Amino acid sequence: MRKIDQNISMILEQFNLDPKEALWDCHGTWVMYHKYCERVGAKLGIEWKIPVIIEADYQNKTAVILVSGTVYGNDGNTVTEWSIGEAHPSNNRNAYIYAMAEKRGKDRVILKLSGLHGFVYSEDESDDFKPK
């Protein structure tokens, strides 16, 4: 495993995650397993809004949703982030398009709220990230 960026290590440490368990290097891109994204989201105490369906076309296997979540800090600060989750035959081989769109959107919001966005991707963001 190549050396993990100090920013990533510091953030993962806050969530008591071992980078060797939570991440893998996919051709130079750090990717986090979905279950660890979920753990980070739970530890952050994200309050999820009801997703907004932007496109729903089951026949053409397309789902696009807007996902947003809020974290309420002990200091009184509130941070809200949003992202799009999408699944389409061009980026998804999973038959459960709505579940995949939700996972992608939520994982992206979790990464944003945790400070990992831009350093780490979620395994569900691309089928190309799936370990072979």
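All values below were derived from every heavy atom in this structure, side-chain atoms included, with hydrogens, water molecules and symmetry-related copies excluded. Note that the structure is predicted; figures quoted are calculated from it, not measured.
Atom CD1 of I53 sits in a sparse spot, with 12 or fewer heavy atoms from other residues, nucleotides or ligands closer than 6.0 Å. In this structure, D75 places its CG atom where more than 12 heavy-atom neighbours from other residues, nucleotides or ligands lie under 6.0 Å away. Counting non-hydrogen atoms of other residues, nucleotides and ligands closer than 6.0 Å to NZ of K61 gives a total of 12 or fewer. Residue-environment remark: CD (E55) exceeds the threshold of 12 foreign heavy atoms within 6.0 Å.
The backbone N or O of H88 sits less than 3.5 Å from a side-chain atom of N91, completing a donor-acceptor pair. Judged purely by atom type and a 3.5 angstrom limit, K112 has no side-chain atom pairing as donor or acceptor with the backbone of E81.
Taking all atoms of both residues into account, the shortest heavy-atom contact from A87 to I97 is CB-O, 3.5 Å. Closest non-hydrogen pair, S122 versus V31, comes out as C-CG1, 3.8 Å. Closest non-hydrogen pair, L113 versus G69, comes out as CD1-O, 3.9 Å. The shortest non-hydrogen separation linking P19 to I4 is CB-CD1, 2.9 Å. Considering every non-hydrogen atom in both I110 and G41, the closest pair reads CG2-N, 3.8 Å. The shortest non-hydrogen separation linking K3 to W30 is O-CZ2, 3.8 Å.
Ring-plane geometry between W24 and Y33 is classed as tilted, the angle between the planes lying from 30 to 60 degrees on a 0 to 90 degree scale.
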Subject >> Intermediate values then yes/no, side-chain contact (heavy atoms from CB on, under 4.5 Å), S68 and V109 >> reply: CA-CA 7 Å; S68 60; V109 170; 5.7 Å; no
**OP:** Given side-chain contact (heavy atoms from CB on, under 4.5 Å), test W82 with V67 step by step and report yes or no.
**Re:** CA-CA 5 Å; W82 62 271; V67 177; over 6 Å; no
**OP:** Any chance you could lay out the side-chain contact (heavy atoms from CB on, under 4.5 Å) test for Y98 and I65, step after step, and finish with the verdict?
**Re:** CA-CA 8 Å; Y98 297 103; I65 62 171; 5.5 Å; no
Original post:
Could you walk me through whether L12 and V120 pass the side-chain contact (heavy atoms from CB on, under 4.5 Å) check?
Top reply: CA-CA 11 Å; L12 291 179; V120 173; over 6 Å; no
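Partner of D124 under the salt bridge (charged side-chain N to carboxylate O under 4.0 Å, His left out) criterion, chosen from K106, K35, K103, R104: K103. Looking at V71, V79, T70 one by one, the single match for side-chain contact (heavy atoms from CB on, under 4.5 Å) with L44 turns out to be V71.
Atom CG of L66 is separated from atom NZ of K49 by 11.0 Å, given to the nearest 0.5 angstrom. A distance of 4.0 Å separates CZ in F119 from CG in N7, rounded to the nearest 0.5 Å.
Here R108 pairs with E86 in a salt bridge; the nearest charged N to carboxylate O distance falls below 4.0 Å.
In the model, N94 has no side-chain atom that pairs as donor or acceptor with a side-chain atom of N92 under 3.5 Å.
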